[in-house]
Amino acid sequence: MLKGKTALITGSTSGIGLGIARALAGEGVNIVINGFGTPDEISRVEGELKSHNIRTLYHGADMSQPAAIEAMIGATESAFGQVDILVNNAGIQHVAPVESFPVDRWDAIIAINLSSAFHTTRLVLPKMKQRNWGRIINVASVHGLVASAEKSAYVAAKHGVVGLTKAVALETAQTGVTCNAICPGWVLTPLVQQQVDARAARDKLDQDNAKKALLEEKQPSLQFVTPEQLGALAVFLCTPAADQIRGAAWNVDGGWYAQ
């Protein structure tokens, strides 16, 4: 059903983005990956994805730079003709109280976590509308639905992503293009591992107990969400069964938002 389509996934060399890339590649979707990594690491990721008999492209666009984003979209269209599926996943984090939050970190988080999704969307949407088919999936966060202390920029950006998702969904409501957000809880990505490490150091805990302490605060299931689970949901959102799922902010969070 999706074989031969092309997906551009930002922040996809590891973590959630890579999980979604793997799931879509498994459905025969050509993949454009973006993110950090050494040439060897990126080559390994591309090799793994190509094992599904699909084509890949890596583009190292800095997602804080609109011109770089435009160049990435252009490179994707040159290589594959079009972007059928856009997954906005790139994100960074910084933790600090509002009064001492570094201004440059605020600006970077808003640029990468929120503005980049606007830029990619505005660039791919016209041609999606022309073809009357497209899928835009924004990886927001449970922090797009609720807040946590000392994460003002991240929470603001992710709330913005949910709002952007709804606006785009309304603008495309009578077309074959859908726009939805996935809102994960704790996923053991490099970003979350940093918080586990910080807790372990602060409270003198081993890794297992630091992870448990982190989960106990927010996630009632006491289990991390996995990139594979999020990848499966992304695939579902690309199927005809999801044609009337529009503007959703779909929390996958072990019960976090239910509290």
Side-chain angles (χ1 to χ4, degrees), residues 5 7-12 15-17 19-21 23-24 34 63-64 66 69 72-73 83-93 109-129 131-148 151-185 187 189 191 225 227 229-253 256-258:
K5 294 190 181 298
L8 167 59
I9 308 166
T10 67
S12 50
I16 293 170
I20 293 174
L24 288 170
N34 155 264
M63 297 307 294
S64 70
I69 294 169
M72 179 174 62
I73 301 295
V83 178
D84 299 296
I85 300 164
L86 170 65
V87 181
N88 288 307
N89 174 70
I92 60 172
Q93 173 66 289
I109 289 169
I110 297 299
I112 293 171
N113 294 27
L114 175 57
S115 296
S116 70
F118 160 72
H119 290 300
T120 55
T121 299
R122 71 177 177 84
L123 291 165
V124 304
L125 198 51
K127 292 181 180 178
M128 284 184 174
K129 285 182 175 180
R131 296 190 301 273
N132 201 37
W133 198 92
R135 293 291 186 265
I136 299 172
I137 300 171
N138 295 321
V139 179
S141 166
V142 69
H143 281 118
L145 304 171
V146 294
S148 290
K151 297 181 179 179
S152 56
Y154 191 83
V155 169
K158 294 302 188 179
H159 272 68
V161 168
V162 170
L164 175 65
T165 299
K166 293 176 180 180
V168 174
L170 292 177
E171 292 181 20
T172 57
Q174 296 181 24
T175 75
V177 180
T178 69
C179 182
N180 292 289
I182 297 174
C183 299
V187 183
T189 62
L191 278 180
V225 179
Q229 290 164 342
L230 300 173
L233 177 54
V235 169
F236 168 70
L237 290 172
C238 293
T239 67
D243 280 352
Q244 292 307 314
I245 299 175
R246 295 170 180 266
W250 196 317
N251 51 302
V252 187
D253 59 6
W256 183 329
Y257 186 55

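These values consider heavy atoms only, across backbone and side chains, with no hydrogens, waters or symmetry-generated copies. Predicted model, so just to flag it, every value in this text is computed and none were measured. One-based numbering along the sequence shown.
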From CA spacing to verdict: side chain to side chain contact (heavy atoms under 4.5 Å, CB included), V161, N88: CA-CA 9 Å; V161 168; N88 288 307; over 6 Å; no
Taking side chain as C-beta onward, heavy atoms only, is C183 less than 4.5 Å from D253? no
Output the distance between atom CG (L8) and atom CG (N89), rounded to the nearest 0.5 Å. 11.0 Å
Any residue meeting side chain to side chain donor-acceptor pair (under 3.5 Å) with R131, in chain and number order, not counting sequence neighbours: none
Working note: K127 + V83, criterion side chain to side chain contact (heavy atoms under 4.5 Å, CB included); need CA distance, chi angles, decisive distance, verdict. CA-CA 8 Å; K127 292 181 180 178; V83 178; over 6 Å; no
Could you go step by step and tell me if V139 and L230 meet the side chain to side chain contact (heavy atoms under 4.5 Å, CB included) rule? CA-CA 9 Å; V139 179; L230 300 173; 5.9 Å; no
Taking all non-hydrogen atoms of both residues, which atom of S148 and which atom of W256 are closest, and how far apart? OG-CZ2, 4.2 Å
Does this structure show an ion pair linking D243 with R135, if we count only N-O contacts that are shorter than 4.0 Å? yes
Please answer whether the main-chain N or O of I92 pairs with a side-chain N or O of N113 as donor and acceptor at a distance below 3.5 Å. yes
Nearest 0.5 Å, what's the SG-CD1 distance between C179 and I245? 13.0 Å
I need the minimum non-hydrogen distance between I85 and C238, along with the two atoms involved. CD1-SG, 3.8 Å
Quick one: closest heavy-atom pair of V177 and W133, and the distance? CG2-C, 4.0 Å
Side chains of T10 and M72, heavy atoms from C-beta outward: is any pair under 4.5 Å? yes
Shortest non-hydrogen contact from G176 toward N132: N-OD1, 2.8 Å
Hits for side chain to side chain donor-acceptor pair (under 3.5 Å) against T165, two or more places apart or cross-chain, chain-then-number order -> N138
Quick one: are M63 and T120 in side-chain contact, heavy atoms under 4.5 Å? yes
Answer yes or no: is there a donor N or O on one side and an acceptor on the other, between the side chain of D84 and the main chain of G134, under 3.5 Å? no
Pairwise distance CD1(I112) to OG(S64) - rounded to 0.5 angstrom: 5.0 Å
Using the side chain to side chain donor-acceptor pair (under 3.5 Å) criterion, which residues pair with H119? Sequence neighbours excluded. R122
Please test S141 against Y154 for side chain to side chain contact (heavy atoms under 4.5 Å, CB included), starting from the C-alpha separation and ending with a verdict. CA-CA 9 Å; S141 166; Y154 191 83; 3.8 Å; yes
Is it true that a side-chain atom of T239 and a backbone atom of F236 form a donor plus acceptor pair closer than 3.5 Å? yes
Say whether, by atom type as modelled, one donor and one acceptor occur between the side chain of H159 and the main chain of H143 under 3.5 angstrom. yes
Quick one, K166 and V162 - any side-chain contact, counting heavy atoms below 4.5 Å? yes
Interatomic distance, CD1@I9 vs CD1@I16, rounded to 0.5 Å, equals 12.0 Å
To the nearest 0.5 angstrom, please state how far the OG1 atom of T178 sits from the CD1 atom of I137. 7.0 Å
Tightest non-hydrogen contact, residues G15 and P227, listed as O-CB, 3.7 Å
Locate the shortest heavy-atom distance separating A147 from V155; write the atom from each residue and the value. CB-CG1, 3.9 Å
Drop me the distance from L86's CG to L125's CG, to the nearest 0.5 angstrom. 9.5 Å
